Amino acid sequence: MEYLKITGAVITLIGAIFILFASIGILRMPDVYNRIQAGTKASTLGSILGLFGIGLIHPDWMLKLLLLIMFVLISNPVSSHVLGRAAHYIKVPLSDLTLLDKLEEDTGSETAEKEGDK
Amino acid sequence: MIRNSILLLIIAGLAFIFYHELSAYHGNDGLNETANYYATKGLSEVGAANLVTSVVVTYRGLDTLGEVTILFLTAAILALMFKTSHSQKETQKRITSELLITASNVLLPVIFLVGIYIFINGHLTPGGGFQGGAVLASAMVLMLLSISGRKIKHAVLDFIEAISGIAFVLLGILGIFLAGGFLDNSIFSLGTFGELFSAGAIPVIYSFIGLKVGAELSNIILVLNQTQNVEK
Amino acid sequence: MVNLILTIALLLIGLSFILVVIRFIIGETVIDRVVALDLLTVSSIGLIVMLAHFFGRAIYIDVSLVYGILSFIGVIVIAKYLEKSL
Amino acid sequence: MKYFSVEYISIFAGFILLLIGLWGIISQKNILKIIISFSIIDTSIHLILVSVGYIKNRTAPIIDGPVTRADAAQQVTDPVPQALVLTAIVIGVGITALMLSYALKLYEKNKSLEIDKYKSLKW
Amino acid sequence: MKIKGIAVIFILLLSTWLVLNHSLQLPIILIGVGLAAFLSLIMCDKCSVFNEIKFTPKAFLYTFLYIGVFIFELFKSNIDIARRVLSPKLPINPGIVKAETILQSQMGRLILANSITLTPGTFTIDIIGNTLYIHCVNIEGDDMEQYAQNIVRKFEKYLEVLYG
Amino acid sequence: MVSPIYIIAVLLGIAFLLGLFKQPGANFVRFAAVITLAFPVFVSVGWLIHFIIDPAEPFMVYTAGALPPFSINLKMGLEEAFMTSAVNVLGFFGFIYLYKTLKAQGEKAVVLFLVLIMGLNVVIMTRDIFNLFVFLEISSIALIGMIFFKRDLNSFSAGFKYLIAVTVISSFLLIGIGFIYYLGGTLNIDDFIANNNGLTRGLSTAVFLVLIAVLLELKPFPANGWALDVYQAAHPGINAIISAGTATAALFAVYKLLPFGGDLWLNIAVIIGLITFLGSNFLGISQKNANRLLGYSSIGQIGLLLAVMGFSKHLGEHFQMVFFALFISHFLAKAGLFWLSGLIAKDEIKDWAVLRKKPHLLFLFGLFVFTLIGFPPFPSFYGKWQLVMDLASNYNYWWIGLILLGSIFEGVYLFRWLGYAMKLEPEEGSSIKLDWEKIIPIAVFGLLIFLASYFTNEIFPSNFNINLIPVYFVLFLFVIDFLPAYIKNTIAIAGMGFYAYYIYPDIEQDTLRLVFAGIFLLGGILTMFAGYSVKGRRPGFFPFAIMMYAGLIGLVEAENLFQFFFAWELMTLGSYILIIRGKKSILHAYNYMLFSLGGAYMIFMGIALAYNGHTSISLEMLQTASFPGWAYTLLALGFLTKTAALGFHIWLPGAHAEAESDVSPMVSGILLKGGVFGLLVLFMAMGGEQAGEHPLLYALGWLGAITALGGNLMAVFQEDAKRLLAYSSVGNLGYILFAFAFMTNIGWLTGLTYSINHFLFKTLLFLAIGGVVWRVKTHNMYEMGGLIKRMPWSFIAVLIGIITLAGIPPLSGYAGKWLFYNAVITKGWYFQGAIVFFAGTIAFLYCFKLIYSIFLGQPKDKFRKVKEAPIWYLIPQFILMIGIMVFSARPDLILKPIGDLLSQSAYFPTDPLSWENVTASTNLGYWSGYKIMLVIGGMFVVLLAWLMIMSRKAKNVKQFNIVYAGERPFTPETTHYSHNMFAPFNKALGFLTTPVVTDFWNGVNDTSHAFADSFRKIYTGNGQTYIAHILAYIVIVYLILL
Amino acid sequence: MALIMIVMAFIAIYHKSLQVAVIASGIISLFASVIYIFLAAPDVAITEASIGSALTVVIFFYVLNKIRRIDDKK
């Protein structure tokens, strides 16, 4: 039992580390899209791991936590998708490193007259 | 510049007042008389596991009635303020992302259920009518965002709002006849401690509060959303 | 042991908060800041669950549930606002 | 050292936020900024009130699992300030919504969010 | 077909309710049944989403497979991100690419997009028709179309079975 | 009794229910709301009656099945019952008033209204601080939802300002509540008061925060700009609710919470309240916008009520009475005024002139204004009296001074406003839309004022009880105001006659009073005769005329100072309305009112100083005043404003000259004697002859002499006949003052003789001139001339009058002079005597001018056909002439009993005058009225005959002969022989008539207006500045408290 | 955490962009609600998170949206 708990704790710790990565990521990444990448991905995993780890420590909380995990899994990518979509729509500039932008090519004419956000 | 320094002086004066207030703070050692009453007698009198709920719904029920009324007022005032004379035409919007629509379709029932869970279990777990109501309202927002084609009817919300408000008041009056006074929760049996059907009328009252708050908050947001063409 | 590890985890989350806030402060666009907000809420969910463990109260999980729901909706509303389709 | 416990930190933070909010209300010209300052004030007051009811090493006033019915009075914090804050938060959101709608109406009428522009009534 | 959707929602909600309440007392179950029935009925015009789930043994198996692949990819992606973030040079090579999907059901596309978002260095910016626009942190190889298609295919084959 | 909890339940339940109905124009929603609003009225009034009949223990409502410190409880006691009744009645009628407005706004507005009333009820009843906070917020929010009903920019910005101000205030309240709970351990008001005796630093700060927040809800000056903006911008129907309803609830909240702070906070309340009262009213004086002005006034009144709460320790058992009286006046009058403002629907106070078209509304307007200022018989008069007296017995003179000063400021703008409404020409095409639903509430509140007045009179201590018969008679005349004038005139005369008969036995022995009663009542009857010449209904004249007479006779009847002051104010009120009825009298009536008000408050202050330490308020008490010098001086100054001594005279000429023809004799011949009577009472109190060397008397002597000179001099240079007579009155009153100031037996006799004479001849002259003016329609003497042939009787009247006036033998004027010289010589004030003598010679000049330019010379062409004055003018003139003759022939009939009375009294033991039949003699000589008459009469006949013979040779010349004029006159009238008749004298003495005094008062007026005008610039209109004001206010009060 | 709140408050007041100010105030509420968990007040935490943080921000953005609409029309 004790091992399970320690495993849980370690998993939680890993989750925390991922969250830390995420924050470093959004600090360092050059443009919005990359920040969204770093932010959502790592933080989702981080918090899922955190929740799961606690679930291992307290098995009787597990069901509820799994529900929460499901929720996060569905909602978080969607919100990052919506954010990225919005960012692209209002033409937040991509970083100089960006190689290509297919979406811009396809929808550029449609969004050309819209002005960017301040 | 002079203006700013005068303002700064005022703030400094206020800081001085608050310093006096703060210096009186020295932490707590135990519950005071009032809180002690709630923590000891309150359990048997009210029967709610969540003491905050028992205070909010029963002992200070009149306050709660008041705050529900405040939200009600706010919704009414907004409706008054933004009542439009002519029909509104939809402005051009970008099509909502398909993913979002799907996600909200999946999540909406769950969010509704969570909201209901939060207010029905208000006497056992943290949360209650207001929080549950807020969750319901946020579900409404999600609906509004994802399903732009479908109109959410004011009338339905108003109906829920009115009915639950009246039910709240009626339950309160029932307390005068069946129990110790206005808003006394022991009009129903207190039940077994810690179960869903316990704490007398609290789950019922909180359900009505939850519905009402949800309807009111949704109304507020609907009003802010719907009047796109504002009167000149 | 368990608590020690979790304490370290808590501190790490705290550290990440600070980093995120720095991004928030320097953040070039509003979207950056929204991403920061999102990150903050998601990590708060984890944080609260950990706190639930520390205080030994299962009931706090409900709090994080509500958190999850509402942060999701908040972010969507902001994004919708930003792309002018609210 | 006692000033580093959570209730002291939060109450200090509350008062500082309160002052910042008040400063914002009287120094910012933009109506929406004023409303934001008000919501900061609101939050700070709630923070102060909750810290005022906190008792060290005690847990939330909800009886289940670890907190037993018999000695609840020795284990839980004061529920009253929490109940008050609950009410205050809801009132706060009502008022914020009201302020915002007023701001909206003002903007609609005069196309300006500067509070200086609304001085037609005076003396 | 609606019945199926309603049933799915009903079961989903009822189980959620039971999980939330964390108890199996009779009154709770009763209320849960009532609520779930009520909600699933008023939500039924949106439940087309749930109609698409296929209940076949194969689907059951593929679910587990999918979850496994997904978790694997998830970790991979995160380690990948962590590596990039932590390395001082910040070795990224971003770009937006497009890929076609063969999935038709909404649910399937949602899960596909979510999976893509959560996996290595990619996230779905937009979906127009059958075209997914994917932002990648690091585009590898020369054939970008192929690269993108690979990302999609990874999940598609499982989801196709599940949702069609 | 129905439990008050049902007020909440029913109002809120119906409010929620009404949220269901959405069809626009569903009338039954509002109908249901009216029924619903009647319910709380029923409940609270039921409780009120219950508590009045049976002063039982307060009824407590417990909620949640737990006892108070742990649950919220509501209290319904007498105070709560009264306050909730007030709010609910206001709510009911306010709703009716707003019926159409709410209909235009939709069903939600009705809901807001219901919730507002519910919130106010709970604010009053609750005994829990946090509950108080919640319901204060509810009522504020509901109000904020109604402020923008006009839907213009102003109402929105005002609403926003109100919102942020209320929010900031409630933040402080919330912090305070939190710390009160933390440090005091309870949220229950009673529990806190019972268990917390000493306040520690932290607790006192918490209490400070709570109390200052609740006080700020009362909008104290100067942190109240937001409220003023709301008053200016919101719908007047809403304003009525804010001013009367919300303020009521907030006031009661303060009342509940004040015990938290102990005595210290009582003083703070006094300071805040009085600063508010004074400041607000001061700033109000230069305000032109009606609603904003009402806002200033409203805030001022609330300040006064707050101060009364602070005074509760001094007031003791009188507190409830005083508060009730002041509160109910504010409540009814302010609601009524706001409602009227909504009816007029214009912003400027000048626009209120439109009220002239609706006399009933005008009457209500006047009623509200007088109630507000505190004129009898309205409740606030009683309240102010009791307040001032109780303060005086605790030596709080400065507070009294501030209260009275604030009341004067209030009077300044209210009377200017009333004047505008009564006299200005309404704008072209403006009219009032009479909606029944708007008239009914106003009328009901008007009626309630009378009810409250009656009730106030009942509950105040019995020695205040005054003879209300005249007041009822006045009311009766109001009721029958629709009858034709002649019927009312007859009723009025009959009433006065009957009253004279009725009181005669009471004062038969007291000859001094008898004389004045005679002047007032018989003079009143005589002057009323002239009223028969007026055709039509003459609306509003008789009640106020009778009110003036009622006041005057009340002075004579008064047995204590309260009755005296009551009568004094009644007289002022009546005479003000009489004066303002004149065509161009708006400014003069305003001046008159201001001086009267100032004078009245000086009298009030004087009484207060004298009252100190005494339980009785009888007239005799004046003698034992503890600050006699100040008290006497203030009283004297007060009376002097009414007698128009030099320095206070500027109101008189205009007021008398511009009044209607038959009003001038009333206000000149009769009203001025009221002031004289007051002086008499004062002098008597000073102790008669013993006080002879009192410096005040010396000063008054000088003042009298100078007044006589100045008045007469100015009279000489007048071109307006009535103005001439008016200035002459100033001079004559100077004589009277001078004579009384001798403080000797014979001096008083002189004064009385002068008084009687002045009454006789000035009434006669004004009636005669009034008759002439009635026919020729002008006051200017140079437009008349030669009227002797057309109006012989008027001529004779004027002739008799000026002979008496000038003191020419044989008529009674000479008797006065004879006594006067005796008195001067006895007293030894030779220098002053010389001045008065010189003034007497000047009187000849204007007498001559008067009779010459009107009656002699050639008649004007346009007046060749004028008829004799109306018979109803002539009849009283004949009676007066007979009176003069009788008094001249037999002065002993009156003077002897008075002389006897004086010498018998303790005051004037030395009596140098002895009577032998009709011959009076002193050690300086003797004088016999009818002998002189015979001699002089004979000489007169001879001279007249000679003159008649001479005048045959006179030839007619052109009146406007400008052949010899060096330049072309643009106004030919100015070449008339009687124009600028005494130009040479003007060169010699004109410098004495430079209007120093007028300039002085104008200066005072301008300066205060300029001050108020620049001072109110603190209300910049910027919501943020208002917040800064609030915060600064909090800091400053806190620093003061430290 | 308290420090972050204070920093956020300054951002909320002084940042030029209204959206950022609103988000900052939302973050203040968010942290406040985490502190409420520390202070053993889960009820308040839920309320603050749902109403204070989320709904207020949502309402703010709806209003900002309408203001922008008014601008567009002008």
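These numbers come from a predicted model, not from an experiment.
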Among F:Ile144, F:Val134, F:Val10, F:Ile138, which residue has the highest count of heavy-atom pairs closer than 4.5 Å to chain B? F:Ile138

Heavy-atom pair of closest approach, residues F:Arg151 and B:Met81: NH1-O, 3.3 Å

Minimal non-hydrogen separation, B:Ala162 against F:Phe16, with atom names: CB-O, 3.2 Å

Check whether F:Ile72 gets within reach of chain B through its side chain, its backbone, both or neither, counting any heavy atom under 4.5 Å. both

Between B:His20 and F:Tyr1038, is the ring centre distance below 6.0 Å? yes

Might you point out which heavy atoms bring F:Leu112 and B:Ile77 nearest each other, and give the distance in Å? CD2-CG1, 3.7 Å

Is a side-chain N or O of B:Glu21 found less than 3.5 angstrom from the main chain of F:Ala206, in a donor-acceptor match? yes

Side chain, backbone, both or neither: which part of F:Phe133 has a heavy atom under 4.5 Å from chain B? neither

Could you check whether any side-chain heavy atom of F:Tyr1033 comes within less than 4.5 Å of a side-chain heavy atom of B:Ile10, counting everything from C-beta outward? no

For a quick test of reading the model, state the closest non-hydrogen atom pair linking B:Tyr59 to F:Phe70 and the distance between them. CB-O, 3.5 Å

Considering only heavy atoms, which portion of F:Leu17 lies under 4.5 Å from any heavy atom of chain B: side chain, backbone, both, or neither? both

By a 4.5 Å heavy-atom criterion (distance strictly below it), what part of F:Ile1036 contacts chain B: side chain, backbone, both, or neither? neither

Do any N or O atoms from the side chain of B:Tyr25 and from the backbone of F:Phe179 form a donor-acceptor pair under 3.5 angstrom? no

Is the closest side-chain heavy-atom distance between B:Leu62 and F:Leu74 below 4.5 Å? yes

Just wondering, do F:Leu209 and B:Ile17 contact through their side chains at under 4.5 Å, heavy atoms? yes

Name the region of F:Ile175, side chain, backbone, both or neither, that has any atom closer than 4.5 Å to a heavy atom of chain B. side chain

Please report the shortest heavy-atom distance between B:Ile173 and F:Ala9, naming the atom on each side. CD1-CB, 3.4 Å

Examine whether an atom of F:Asp128 lies under 4.5 Å from a heavy atom of chain B, and if so say whether it belongs to the side chain, the backbone or both; otherwise answer neither. side chain

Considering all heavy atoms of both residues, which atom of F:Lys108 and which atom of B:Leu80 are nearest to each other, and what is their separation? CB-CG, 3.7 Å

